[in-house]
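Some notes on the structure that comes next.
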Amino acid sequence: MRLETCLAQCGSRWDDRTGAVSMPIYQTATFRHPGLGQSTGYDYTRTANPTRDVLQETLALADGGCQALAFASGMAALDCLCRLFAPGDRIVVTEDLYGGTYRLFERLQRPLGIEAVYVDTADTPSVAAALASGARALLVESPTNPLLKVTDLAALGRLAREHGALFFVDNTFMTPLLQRPLELGADVAVYSATKYLGGHDDVVAGILVAKAPELAERLAFFHNAAGAGLGPLDSWLVLRGLKTLGVRLARQQASARVVADFLANHPAVARVHYPGRPDHPGHARQQRQAAGFGAMVSFELAEPSRAGEILARARLFLFAESLGGVESLITLPAVQTHADIDPRTRARLGVTDGLLRLSIGLEDPGDLVADLQAML
Ligand SMILES: *Cc1c(COP(=O)(O)O)cnc(C)c1O
């Protein structure tokens, strides 16, 4: 069956006793033992919970991994990955990555002696050079946030293998429906399920999907030992979101293209970043390795100083952090999501004060364009 079919019915056949069509929320911390030395398979929710298990099984299937783990946030999932490393280890990382991930590496990992090396991962030779000087792992976002640069994942998968480095892909912007990192050579796919997987801006959650049992076992040990597993109710919210992922993405991508084309023809806009437009440098690569272009659109204002005034006129777009939900959001990455990156680096990367990022939701695309027209 196609993935969308599996997602539509996730959890719908779990409860044989009552036949519940919606996966029950096992809101319990602990589980009664049938007798001494006996277990139903569930002992304590930090270790395992049926609602979280169904979410994990669904996502392992979705990505073609052997095991998925659900965490209390995307950052908790990334933090779990970092536990694989020891002082002296180096990790090659996409340079324009999510601000929170940058903060994790710089403020939590660097003091422990684990060094992140930032490179433009859309440029394969730069990654080859960084890996050649020794690295334990490579962590990539593609398309990147907020500039939507596209990395050649299969080429980087081969390079990582050659250099004995683990390969992680933060696939938050794409989801397993549009891009399948484990099939392109990644060892682990990472998600902030807060975004498209949950999709309703009502839950914070993170996911790791591991390809091979050995790594999955180590990560599962950290997951239980450090205890940042996702709670039953939040697991259920992500499961409910997954059921509609396919239709949401289809609509959001179609609207994103309409919005990107409108912005590209607007005189107040200097430049549009959307991989679905043929003028985007990563367009062909994205077409090759993914089943879609996503629903994130960034654009640069011709006059950066107008950003505040433009944001103040938004009536439909919500001025808020995050992305991937049913509501369209607008953010100013330089002051919101990427504030932890120093201003010089931001300028070099192109995360300028006039760069705005849109997450396209489910509203009517004509209404979204009208809102942007009024704002600009
Ligand atoms: C939001 C986000 C994260 C962090 O996830 P949280 O659920 O907010 O902890 C990591 N990576 C990317 C690409 C994100 O967009």
Side-chain angles (χ1 to χ4, degrees), residues 52 55 59 63 68-82 91 93-109 116 118 121-122 138-151 153 168-176 178-179 181 186 188-209 223 226 228-231 234-235 237-238 241-242 249 252 256 273 275 290 294-298 320-325 327-333 336-341 349 351 357-361:
R52 188 170 67 221
L55 172 63
L59 286 163
D63 251 311
L69 297 163
F71 292 84
S73 69
M75 290 321 304
L78 285 155
D79 183 64
C80 181
L81 275 183
C82 288
I91 304 169
V93 184
T94 299
E95 62 180 0
D96 62 323
L97 87 170
Y98 178 70
T101 310
Y102 176 83
R103 181 174 56 198
L104 173 69
F105 282 120
E106 291 308 303
R107 306 280 294 276
L108 295 185
Q109 298 305 309
Y118 301 94
T121 52
L138 169 64
L139 168 66
V140 164
E141 287 180 19
S142 182
T144 60
N145 177 14
L147 291 170
L148 301 158
K149 287 191 187 172
V150 180
T151 283
L153 295 177
F168 309 138
V169 176
D170 184 333
N171 202 33
T172 298
F173 275 31
M174 289 280 96
T175 86
L178 300 184
Q179 183 164 276
V188 180
V190 188
Y191 296 92
S192 168
T194 313
K195 316 294 168 53
Y196 290 100
L197 302 182
H200 292 73
D201 291 321
D202 54 10
V203 61
V204 172
I207 305 287
L208 295 180
V209 187
H223 181 252
L230 190 63
D234 287 349
S235 295
L237 284 166
V238 179
L242 286 176
L249 274 174
Q252 285 167 302
H273 303 271
M296 299 300 297
V297 180
S298 295
E321 284 168 47
S322 199
L323 61 106
E327 298 90 0
S328 290
L329 306 182
I330 185 165
T331 55
L332 186 58
Q336 289 177 293
T337 49
H338 291 65
D340 277 287
I341 298 175
L349 298 179
V351 184
R357 190 192 76 183
L358 305 176
S359 168
I360 302 302

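Just the heavy atoms: all of them, side chains too, but no hydrogens, waters or symmetry mates, feed the values below. In listed order, ligands and their atoms are each counted from 1. Quick caveat: nothing in here was measured; it's all calculated off a predicted structure.
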Using side-chain contact (heavy atoms from CB on, under 4.5 Å) as the criterion, point out the one residue from L139, T144, L138 that pairs with T94.
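By the side-chain contact (heavy atoms from CB on, under 4.5 Å) criterion, T94 pairs with just one of L139, T144, L138: T144.
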
Of the options L81, V169, N171, which is the one that meets V190 in a side-chain contact (heavy atoms from CB on, under 4.5 Å)?
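So the option named by the test is L81.
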
Between T331 and S322, is any pair of side-chain heavy atoms under 4.5 Å apart?
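They are not in contact (no side-chain heavy atoms under 4.5 Å apart), so the answer is no.
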
Heavy-atom distance under 4.5 Å between the side chains of T175 and K195, does that happen here?
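No - every pair of side-chain heavy atoms lies 4.5 Å or more apart.
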
To which protein heavy atom is atom 8 (O) of ligand 1 closest, and what is the distance rounded to 0.1 Å?
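The protein heavy atom lying closest is Y98 OH, 3.9 Å.
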
Taking only heavy atoms of [X] into account, list the atoms of ligand 1 that are under 4.0 Å away from them.
X: M75; result: 4 (C), 5 (O), 6 (P), 9 (O)
X: G74; result: 5 (O), 6 (P), 7 (O), 9 (O)
X: D170; result: 10 (C), 11 (N), 12 (C), 13 (C)
X: A205; result: 7 (O)
X: T172; result: 12 (C), 13 (C), 15 (O)

Would [X] count as being in polar contact with ligand 1, using the rule that some N or O on each side must be under 3.5 angstrom apart?
X: K195; answer: yes
X: E141; answer: no
X: L323; answer: no
X: L78; answer: no
X: T194; answer: yes

Please work out which of the three classes, parallel, tilted or perpendicular, describes the rings of F71 and H223, given edges at 30° and 60°.
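Judged by the thresholds at 30° and 60°, the geometry between H223 and F71 is perpendicular.
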
Derivation and outcome, ring-ring contact (aromatic ring centres under 6.0 Å, His included), residues Y196 and Y191
CA-CA 9 Å; Y196 290 100; Y191 296 92; over 10 Å; no

Out of curiosity, D79 CG to T101 OG1, how far, rounded to the nearest 0.5 Å?
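The distance works out to 11.0 Å.
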
Verify, without hydrogens or angle tests, whether T121 (side chain) and V140 (backbone) share a donor-acceptor contact under 3.5 angstrom.
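Answer holds: no.
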
